[in-house]
Amino acid sequence: MERESMEFDVVIVGAGPAGLAAACRLKQLAQDKGRELSVVVVEKGSEIGAHILSGNVFEPRALDELFPDWKERGAPVKTGVSRDDIYYMTSEKGAMKVPGPFVPGPMHNEGNYIISLGKLCVWLAEQAEALEVDVFPGFAAAEVLYEDGKVAGVITGDMGVDREGGQKDSFTPGYELRARYTIFAEGVRGNLGKELMDKYDLRANSDPQHYGIGLKEVWEIDPAKHEEGLVVHSLGWPLRNDTEGGGFLYHAENNQVYLGFIIALNYSNPHLDPFAEFQRWKTHPKIRQYLDGAERISYGARAVNKGGLQALPKTCFPGGLLVGCDAGYLNGVKIKGAHTAMKTGMLAAESVFEAFEAGDEGGSDLVAHEERVKNSWVHEELYKARNFEPSQHKFGTFFGAAFTFLDQNIMRGRMPFTMHNRVPDHEELKPAAECEKIDYPKPDGVITFDRLSSVYLSGTNHEEDQPVHLQLKDPSLPIEFNLPTYDCPSQRYCPAGVYEVVEEEGSKVFRINAQNCVHCKTCDIKDPKQNIRWVTPEGGGGPNYSGM
C-alpha cells in the first residue's frame, strides 16, 4: 500500500508520563546544546489524557528533575497528602487500623500529592509542545516498521476500514513515521512492546511479568465528609487470604474522592469477578461512610504491572527502547509507577541524545542504556522492593504483609536473597469444578453498579464498522475448552462486559462486544490459553476519561 512517510529524529509511542517526559527531556538536551532535533509523540487516545487511568498518589521526584519550577508553571499537582490510614478488613463490617510503625516504610506518603494523572499528562503535553515537540493524539501506532532487522519507526493504523477489512469511502491509509530511534511508552502490556519482546527475545533472562487489574471510580461527596489530602488503603475482605489485592480511597480536591480496587491476575478461582469484588468492597462501612449521599461521576479500568525488578525485560534493541510501564517499572510496595515511568523516559532521552552527540546515525542497540538505568534511583527503588510481589504470592495477604514489614522496615529492602515467581498469571487458574462458586449480590444502583452503566461513565466509544480489535487465535477455544474447563472466565475478568456466552439456535456462542472495550488488556493477560490478542482499534477509539 502506498503510504505517506514522515521523517523524524525520534518517534515516541504513547503520550503517558513516560513518553511525554522523554519528549520534554530530549528537547531540553537539544536546546542546551543548540541542536535541532525533531521529536513526535503519537497517542491512540482521542485527546491527551483520554486513556490515562491511575490511582493516583504521586511522588514528584522525577517531576522535580524534569521541571524544577513546575509549581510556577502551574502543574496540576496541588493536593498534598495530609494523612495515611491503612486498614486490614477482617470481615464485611470489621476492620483493624494498622498502626503507623507497622506500615511498610515505602507506603508512607509524606511529601506526595493526590492528583489526576490524566490532567498531569495534559500539562506535560503543553510543556512538550512549548518545546516544539509534535504531539499527535488520535493516531494509533499499529505496526513496528523494521528495516534490516532494526526498528525504523512505526506505522499508524488505517482509518475507514470496515469489519470485513474492506475500504470504506472514508478510508485513509496510515502514515509511516520513520525515526532514527523509536521510544515505546505504550503503558502496561503494550501490543507493540509485546511484539518487540518476542522478536528480540528481550525476556530471555527475566521472570514472567505479573499483573493486576485496577478498577477506579471518581465520586463527588458531601463536603462535611471530605478531608482533602487523606489517603486510605485496605487489604483483606472481600478477598480471601490467597488472593492478592486491596483497595484505595484518596480525598482529592473539589470534594472528590478517587476510589478503586486492584486484584492480582494470578488468582486461581475462575469464578472470581474483579468488578463485582470492587463493588462489594464499597459496601464496607469504612468505605461506604463517604459514599452515602454522594454521586459517582466516572469509572475506568486498567491493568497494572506488579512483577518488579525480576520481571523487567532487556529494554534496548536495535533502533529503540522500552520505557515506563511498557517495560514494567512500577514499584509494587509503593503502589506507584508514574514517577518511575517519567524517570525511565528521561533516561531513555539521555541515552538517545548521547548517541546522537557521538555521531550515531540511528538503528544501534543502545546497550549503555541498561547501565544508565541500573545506576539510577529507579533501579535502587525496585531492588529494595524486589521481594514484595513474590512474597505476596507465596505467603498470601496476611503473612505476606508480615514479611513485607520485616523486609522493608527492619531490613530496608536488603534481604540476603531474591525471591521469584516464575509461573505466568494465565497458568494459575484451576478448573471451575475444583473451585467454590462466589455468590455476588445484585447491584443496588446507589453504591454498587453494573458493568454497562459503568462503561457508559467511561465515555467509551468505537466506530462499530471496523475490524474487531480483540482477535482470537483459535475461535473454537472459548466454547470448546474455556467454557467446560473454566466456565469461560472472560465473562468475569473483563471489567467492561466485552465477552459473553449466549444461546443462538440452540448452540452456545462466544460473543465479543468490542465496542465496550476500555483497553485494560486483562483479556490479553489472563486468557488461560493466551488465545485473545489485543491490537489497536482505529485511532481515537476507546475510553475518554476525564480527570482520571
Novice: Let me have the donor-acceptor pairs involving side chains of residues 120-140, under 3.5 Å, with sequence neighbours excluded, atom names and distances please.
Specialist:
unit_1 : atom_1 : unit_2 : atom_2 : d
Trp123 : NE1    : Arg73  : O      : 3.2
Gln127 : OE1    : Arg73  : NH1    : 2.9
Gln127 : NE2    : Trp123 : O      : 3.3

Novice: Hey, is Asp9 close enough to Arg180 for a salt bridge, meaning N to O under 4.0 Å?
Specialist: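 Salt bridge: yes.
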
Novice: Any donor and acceptor pair, going by atom type alone, linking the side chain of Thr156 with main-chain N or O of Tyr175 inside 3.5 Å?
Specialist: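 Yes, the answer is positive, given that a donor and an acceptor are paired below the 3.5 Å cut-off.
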
Novice: By side-chain hydrogen bond (donor to acceptor under 3.5 Å, both in side chains), which residues pair with Lys306, not counting sequence neighbours?
Specialist: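 For Lys306 the side-chain hydrogen bond (donor to acceptor under 3.5 Å, both in side chains) partners, ignoring immediate neighbours, are Glu244, Glu389.
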
Novice: Compare every heavy atom of Ile287 with every heavy atom of Leu249, then report the nearest pair and how far apart it is.
Specialist: CD1-CG2, 3.9 Å

Novice: Which label fits Tyr200 and Phe317: parallel for a plane angle under 30°, tilted from 30 to 60°, or perpendicular past 60°?
Specialist: parallel

Novice: If you count every heavy atom of other residues, nucleotides or ligands that lies below 6.0 Å from Tyr456 atom OH, does the total exceed 12?
Specialist: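 Count not over threshold, so no.
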
Novice: What's the separation between atom CD1 in Ile525 and atom NZ in Lys194, rounded to the nearest 0.5 Å?
Specialist: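 One finds 9.0 Å between CD1 of Ile525 and NZ of Lys194.
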
Novice: Is Thr182 close to Leu145 at the side-chain level, that is, under 4.5 Å between some pair of heavy atoms?
Specialist: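 Contact flag for Leu145/Thr182 side chains = no.
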
Novice: Could you tell me whether Arg3 and Asp158 make a salt bridge, using a distance below 4.0 angstrom between a side-chain N and a carboxylate O?
Specialist: yes

Novice: Hey, does Gln279 have a side-chain heavy atom less than 4.5 Å from the side chain of Phe261?
Specialist: no

Novice: If you define the side chain from C-beta out and look only at heavy atoms, does anything of Val498 sit under 4.5 Å from Cys523?
Specialist: no

Novice: Of all heavy-atom pairs between Lys343 and Val378, which one has the smallest distance, and what is that distance?
Specialist: CG-CG2, 3.4 Å

Novice: Is there a donor-acceptor pair under 3.5 Å between the side chain of Gln28 and the backbone N or O of Leu66?
Specialist: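 Yes; judged by distance alone, with no hydrogens or angles, the pair exists.
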
Novice: Is Lys314 paired with Asp365 through a side-chain N to carboxylate O contact shorter than 4.0 Å?
Specialist: yes

Novice: Give a yes or no on whether the backbone of Glu464 and the side-chain of Arg163 come within a donor-acceptor separation of less than 3.5 Å.
Specialist: yes

Novice: So do Ile512 and Leu472 actually touch side chain to side chain, heavy atoms under 4.5 Å?
Specialist: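 SC-SC contact between Leu472 and Ile512 confirmed.
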
Novice: Checking Arg492 side chain against Ala276 main chain: does a donor-acceptor pair fall under 3.5 Å?
Specialist: no

Novice: Look only at the side chain of Lys282 and the backbone of Ile447, and say whether a donor-acceptor pair between them is shorter than 3.5 Å.
Specialist: yes

Novice: Kindly check if the number of other-residue, nucleotide or ligand heavy atoms within 6.0 Å of CD (Glu36) is above 12?
Specialist: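 Counting neighbours around CD of Glu36, 12 or fewer heavy atoms of other residues, nucleotides or ligands fall under 6.0 Å, so no.
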
Novice: From Lys27 NZ over to Asp32 CG, what is the distance, rounded to the nearest 0.5 angstrom?
Specialist: 12.5 Å

Novice: Using 30° and 60° as the class boundaries, would you call the ring planes of Trp534 and His469 parallel, tilted or perpendicular?
Specialist: perpendicular

Novice: If you look only at distance, which donor and acceptor atoms sit under 3.5 Å apart when one is on a side chain in residues 539-548 and the other is two or more places apart or in another chain?
Specialist:
unit_1 : atom_1 : unit_2 : atom_2 : d
Asn544 : OD1    : Ser46  : OG     : 2.3
Asn544 : ND2    : Gly459 : O      : 3.3
Tyr545 : OH     : Ala301 : N      : 3.3

Novice: For side-chain contact (heavy atoms from CB on, under 4.5 Å), just list the numbers for Trp377 and Thr340, CA-CA rounded to whole Å, side-chain angles, deciding distance to a tenth of an Å, and then say yes or no.
Specialist: CA-CA 9 Å; Trp377 54 258; Thr340 50; 4.2 Å; yes

Novice: So, for Phe388 and Val333, which heavy atoms are closest and what is the spacing to 0.1 Å?
Specialist: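 Looks like CD2-N, 3.7 Å.
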
Novice: So does Met159 get a backbone contact from the side chain of Glu538, meaning a donor-acceptor N/O pair under 3.5 Å?
Specialist: no

Novice: Give a yes or no answer on whether the side chain of Lys526 reaches the backbone of Asp425 with a donor-acceptor pair at less than 3.5 Å.
Specialist: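 Side chain of Lys526 to backbone of Asp425: a pair is present.
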
Novice: Any sub-3.5 Å donor-acceptor pair from His426's side-chain atoms to Gln530's backbone N or O?
Specialist: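 Not a single qualifying donor-acceptor pair exists.
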
Novice: Against His519, only a single residue in Arg302, Arg189, His462 fulfils side chain to side chain donor-acceptor pair (under 3.5 Å); can you say which?
Specialist: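 For His519, the side chain to side chain donor-acceptor pair (under 3.5 Å) check succeeds only for His462.
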
Novice: I would like to know whether Leu366 and Asp360 meet side-chain contact (heavy atoms from CB on, under 4.5 Å); could you show each step before the answer?
Specialist: CA-CA 10 Å; Leu366 300 179; Asp360 189 326; 4.1 Å; yes

Novice: Distance from Thr460 atom OG1 to His51 atom NE2, nearest 0.5 Å?
Specialist: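 These two atoms lie 7.5 Å from each other.
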
Novice: Tell me if a side-chain donor or acceptor on Tyr181 pairs with a main-chain N or O of Ser364 at a distance below 3.5 Å.
Specialist: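 Between the backbone of Ser364 and the side chain of Tyr181 there is a qualifying donor-acceptor contact (under 3.5 Å).
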
Novice: Tell me, do Asp527 and Tyr493 make a side-chain contact under 4.5 Å, heavy atoms counted?
Specialist: yes

Novice: For the residue pair Leu321 and Ser351, what are the closest heavy atoms and their distance?
Specialist: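 Answer, listing the atom of Leu321 first, then Ser351: CD1-CB, 4.4 Å.
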
Novice: How far does CG of Leu53 sit from OH of Tyr299, to the nearest 0.5 angstrom?
Specialist: 9.5 Å

Novice: For Pro495 versus Val455, what's the shortest heavy-atom pair and its separation?
Specialist: O-CG2, 4.5 Å

Novice: Please give me the minimum heavy-atom distance between Val11 and Val154, naming the atom from each residue.
Specialist: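 In this case the closest contact between Val11 and Val154 is CG1-CG2, 4.0 Å.
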
Novice: Does Lys336 come within less than 4.0 Å of Glu59, counting only side-chain N to carboxylate O?
Specialist: no

Novice: Hey, is the main chain of Gln515 close enough, under 3.5 Å, to the side chain of Asn513 for a donor-acceptor pair?
Specialist: no

Novice: Before we go on, tell me: are the rings of Tyr250 and Phe58 under 6.0 Å apart, centre to centre?
Specialist: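 Aromatic pair excluded; centres sit 6.0 Å or further apart.
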
Novice: Can you tell me if Arg178 has over 12 outside heavy atoms packed within less than 6.0 Å of its CZ?
Specialist: yes

Novice: Between Phe353 and Leu37, is the side-chain contact (heavy atoms from CB on, under 4.5 Å) condition met? List the steps.
Specialist: CA-CA 9 Å; Phe353 190 79; Leu37 204 65; 4.1 Å; yes

Novice: Between Glu186 and Lys44, is there a side-chain N and carboxylate O pair less than 4.0 Å apart?
Specialist: no

Novice: Considering only heavy atoms from C-beta outward, does the side chain of Thr344 approach that of Thr315 to under 4.5 Å?
Specialist: no

Novice: Side chains of Asp69 and Phe67, heavy atoms from C-beta outward: is any pair under 4.5 Å?
Specialist: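 Of all side-chain heavy-atom pairs linking Phe67 with Asp69, at least one is under 4.5 Å.
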
Novice: Check whether any side-chain heavy atom of Lys78 sits under 4.5 Å from a side-chain heavy atom of Lys71, and report yes or no.
Specialist: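 In short, these two side chains do not touch, never coming nearer than 4.5 Å.
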
Novice: Yes or no on ring pair (Phe, Tyr, Trp, His ring centres under 6.0 Å) for Tyr329 and His339, after CA distance, side-chain angles and deciding distance?
Specialist: CA-CA 9 Å; Tyr329 283 106; His339 68 304; over 10 Å; no

Novice: Could you walk me through whether Thr79 and Tyr113 pass the side-chain contact (heavy atoms from CB on, under 4.5 Å) test, one step at a time?
Specialist: CA-CA 5 Å; Thr79 303; Tyr113 296 81; 5.7 Å; no

Novice: Taking atom CG of Asn305 and atom CG of Asp326, what is their separation to the nearest 0.5 Å?
Specialist: 9.0 Å

Novice: Starting at SG of Cys517, measure out to CG of Leu470 and round the result to the nearest 0.5 Å.
Specialist: 5.0 Å

